[in-house]
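Just so you know, these numbers use all the heavy atoms, side chains as well, and skip hydrogens, waters and symmetry mates.
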Amino acid sequence: MERHMRGETVAGIRLHEFPEPDVKAIRERTGLSQDQFAHLIGIKAKTLQHWEQRRIRPDGPARALLKIIETNPSVLSVLHHQL
């Protein structure tokens, strides 16, 4: 574990690199404003702005959610009706 954490190669470990999402393009495909999109996915508008300007990278669950929205933008309509 320590070798892996230092960035050293460890036999038997597979890393999966996921491409960084183009947050602005994903949001624009939904037709929503920054405020609307941020509200629907449960983040602050400022966080979304940082993601779109690539100052901060979304990670973990945020990346998964963005991938879902990218694949199926209509999922946001489900979120909208539940708010």
Side-chain angles (χ1 to χ4, degrees):
M1 178 74 146
E2 290 178 22
R3 289 178 45 215
H4 175 69
M5 296 297 288
R6 289 190 304 260
E8 297 175 17
T9 302
V10 180
I13 298 291
R14 290 183 289 166
L15 295 177
H16 299 281
E17 294 289 329
F18 295 100
E20 188 167 338
D22 185 345
V23 179
K24 186 173 182 178
I26 293 168
R27 178 187 58 80
E28 287 178 341
R29 267 186 249 129
T30 68
L32 298 171
S33 70
Q34 287 181 334
D35 288 335
Q36 292 169 323
F37 190 83
H39 177 73
L40 285 176
I41 65 171
I43 63 169
K44 295 180 180 179
K46 196 66 166 172
T47 299
L48 179 63
Q49 291 170 2
H50 287 303
W51 288 355
E52 288 189 359
Q53 295 167 359
R54 298 180 189 256
R55 292 182 185 158
I56 298 173
R57 296 176 45 192
D59 59 356
R63 277 189 183 221
L65 179 58
L66 289 166
K67 183 63 176 174
I68 291 167
I69 295 168
E70 181 178 35
T71 304
N72 185 6
S74 65
V75 74
L76 288 174
S77 65
V78 173
L79 292 174
H80 178 70
H81 292 302
Q82 292 181 355
L83 295 178

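In this structure, E20 and D59 have side chains that are not in contact, with every pair of non-hydrogen atoms separated by 4.5 Å or more. Inter-residue side-chain proximity for L76 and I41 is flagged as met; some heavy-atom pair is nearer than 4.5 Å.
Considering every non-hydrogen atom in both P58 and R63, the closest pair reads O-NE, 2.7 Å. Across I26 and L66, no two heavy atoms sit closer than the pair CD1-O, 3.9 Å.
Atom CG of D22 is separated from atom CZ of R29 by 7.5 Å, given to the nearest 0.5 angstrom. Distance NZ/K46 to CG/L48: 11.0 Å, rounded to 0.5 Å. Annotation: the span from K24 atom NZ to F37 atom CZ amounts to 13.5 Å, rounded to 0.5 Å.
Considering only residues two or more places apart in sequence or on other chains, Q34 meets the side chain to side chain donor-acceptor pair (under 3.5 Å) condition with Q49, E52. Scanning for salt bridge (charged side-chain N to carboxylate O under 4.0 Å, His left out) contacts around E70 gives K67, with sequence neighbours left out.
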